[in-house]
Student: 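Just passing along the structure, written as structure tokens.
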Amino acid sequence: MEWTDQGIVLSVQAHGETSAIAEVLTDAHGRHKGLVRGGRGKRIVGVLQTGNEVACTWRARLSEHLGSFAIELKDARAARLMDNPLRLAGLTSLAATASMALPEREPHPSVYKAARAVLDAMEMAPPSSIAWVAGLVRWELGLLQELGFALDLSSCAATGQVDDLTFVSPRSGRAVNTEAAAPYVDKLLPLPGFLRPGQAVTADREQPHLVLKDIEDGLRLTGHFLDRYIFHGSNRPPPAARARFLEKIRRFRETYTGNHNI
Amino acid sequence: MSQPAGPEIDRLIQLLAKLPGLGPRSARRAALKLIKDRRRLMAPLADALHAAAESISICGQCGNVDTSDPCHICADPRRDPSILCVVEDIADLWALERAKAFKGRYHVLGGVLSALDGVGPEELSFDALLARARVAEVGEVIIATSATVDGQTTAHYIKDRLAGCEVTVSRLAHGVPVGGELDYLDDGTLNAALTARRKL
């Protein structure tokens, strides 16, 4: 068995004294693991960093074997994101979520391509911008959809209306408009503006805190359904890296001084 | 099939094989060397192992291993108590001591945050670090974690935790190693070196 693909390094675990088991989110082969001989050596340890883009060749005698990876660096993205605490937290959150949510060896090319797009946006955004977090929220929504748990944010679950959608039912994952939500506001999840049909993250110069609140609400929304459908279903706690990222966003909102573009 | 040697020697080989860098074959070679040189090597080694096992303790202040608590670094009055260097583990502390480049005191975290290995803040000695950083005499905390995603995540976490303390937080530079040729450096290191360039 042998294939060659491109992918994003999700994690690396030491194996013995010199080797490592790398976990890569590949384009055509999904989340895949393989042994990297000498994977703890000086030459390759920089390549096997979470977020780096690699070209990998997987070989095994039988398809059910762990197999071994020959990995070559395509883009050292991790090094460029390491200095920015929020982006590094976003990167580790994405990697940990993909690692825990995606079934192994099941191709999900759209998840891979969307993850690349989020990392590109994270990297290309001006140093002070956090609009890329909205892309990360959308990636998590896409992940839920790809795994069969799509949220329906197109119309109100109660009235069928498509306007004024402001909440999401935590049970059905369907949008609810303001009027229908009124009696249950404390039980519903806020629907951030940028996830409403036809809307994007808009820089509200008058009220930047509201945009930050939207982004935080978006992460809480996807977090709720990831916990409910994916992590609880497999009896695993949600990834700690995601919780730390959410906490960073919350603190960022609380201490926002207006020095960042949103 | 019977063992080629008695159970004591077999146990010695088994224990030696557990050491890093040694497998069953090299453990047998090491055991044979010890047996051949029993007086000069085996007995002193056994005495040294016994003495170390009896006297080794973890420093209650920094987390270093030594034969006294506090360790000789924490107890040394010539060390600058105003600078704390945070390292991942004892091997890093020893590496910095070998370099003789740092004259302050250390704090050993015991690892780095790793979501996939299940290492959270509770597993590492952040609270002890915070308590030490709050002492008035400490003016700077140098974070010397690895230049890896986990190492830098830990560094940013420490910086956040130290936000309330009146200390300067710095970290080791990343870039071209001494003797390094640009042609042989990986993209990540070159990137870090360019980002951290400084005025000549």
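Chain identifiers are assigned alphabetically (A, B, ...) following the order of the sequence lines, protein sequences preceding nucleic acid strands; residue numbering begins at 1 within each chain.
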Student: Heavy-atom cut-off 4.5 Å, strictly under: side chain, backbone, both or neither for A:L81 against chain B?
Tutor: neither
Student: Looking only at atom types and distance, does a side-chain atom of B:H156 sit under 3.5 Å from a main-chain N or O of A:A89, one as donor and one as acceptor?
Tutor: no
Student: Counting heavy atoms not belonging to A:E106, are there more than 12 under 6.0 Å from its CD?
Tutor: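 Counting neighbours around CD of A:E106, more than 12 heavy atoms of other residues, nucleotides or ligands fall under 6.0 Å, so yes.
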Student: What part of A:S11 is in contact with chain B, defined as an atom under 4.5 angstrom from a non-hydrogen atom: side chain, backbone, both or neither?
Tutor: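 For A:S11, heavy atoms of backbone and side chain both lie under 4.5 Å from chain B.
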Student: Can you say whether B:Y184 sits under 4.5 Å from chain A via the side chain, the backbone, both, or neither, judging by heavy atoms?
Tutor: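 Looking at B:Y184, nothing touches chain A.
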Student: Near B:R29 CZ, under 6.0 Å, is it more than 12 heavy atoms from other residues, nucleotides or ligands?
Tutor: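 Incorrect, the count does not exceed 12.
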Student: Where the side chain of A:Q49 meets the backbone of B:T148, is there a donor-acceptor pair that is under 3.5 Å apart?
Tutor: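 It does not hold such a pair.
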Student: So do the side chains of B:R171 and A:D83 get within less than 4.5 Å of each other, counting heavy atoms only?
Tutor: yes
Student: Between A:E17 and B:L22, what is the shortest heavy-atom contact and its length?
Tutor: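 Scanning both residues, the minimum pair turns out to be OE2-N, 4.3 Å.
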Student: In terms of heavy-atom proximity below 4.5 Å to chain A, should B:D187 be classed as side chain, backbone, both, or neither?
Tutor: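 Contact with chain A is through both the backbone and side chain of B:D187.
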Student: Could you report the tightest heavy-atom contact between B:G188 and A:A76, atom names first, then the distance?
Tutor: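 Reported closest heavy-atom pair: N-CB, 3.6 Å.
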Student: Has B:W94 got more than 12 heavy atoms of other residues, nucleotides or ligands less than 6.0 Å from its CH2?
Tutor: no
Student: Short question: side chain of B:Q152, backbone of A:M82 - any donor-acceptor pair under 3.5 Å?
Tutor: no
Student: Which atoms of A:R43 come close to chain B, meaning under 4.5 Å heavy atom to heavy atom: side chain ones, backbone ones, both, or neither?
Tutor: neither
Student: Which bit of A:R77 is near chain B, if near means a heavy-atom gap under 4.5 Å: side chain, backbone, both or neither?
Tutor: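 Nothing of A:R77, per the 4.5 Å heavy-atom cut-off to chain B.
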Student: Is there a side-chain contact between A:V47 and B:D186 (heavy atoms, below 4.5 Å)?
Tutor: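 No - every pair of side-chain heavy atoms lies 4.5 Å or more apart.
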Student: Is B:A196 in contact with chain A via its backbone, its side chain, both, or neither, using a 4.5 Å heavy-atom distance?
Tutor: neither
Student: So with a 6.0 Å cut-off around CZ of A:R228, is the heavy-atom count from everything else above 12?
Tutor: yes
Student: Counting neighbours of CD on A:E72 that are heavy atoms of other residues, nucleotides or ligands and sit closer than 6.0 Å, is the number greater than 12?
Tutor: no
Student: Under a 4.5 Å heavy-atom cut-off, does chain B meet the side chain of A:P239, its backbone, both or neither?
Tutor: neither
Student: To the closest 0.5 Å, what do you measure between OG1 (A:T92) and CG (B:L113)?
Tutor: 9.5 Å
Student: Is B:T195 in contact with chain A via its backbone, its side chain, both, or neither, using a 4.5 Å heavy-atom distance?
Tutor: side chain
Student: Quick check on A:R251: does its CZ atom have over 12 non-hydrogen neighbours (other residues, nucleotides or ligands) under 6.0 Å away?
Tutor: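 Atom CZ in A:R251 is crowded, with more than 12 foreign heavy atoms closer than 6.0 Å.
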Student: If you tally heavy-atom pairs under 4.5 Å against chain A, which of B:S114, B:A192, B:G21 wins?
Tutor: B:G21
Student: Should we say atom NZ of B:K33 is surrounded by more than 12 heavy atoms from elsewhere, each under 6.0 Å from it?
Tutor: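 Atom NZ in B:K33 is not packed in, count stays at 12 or less.
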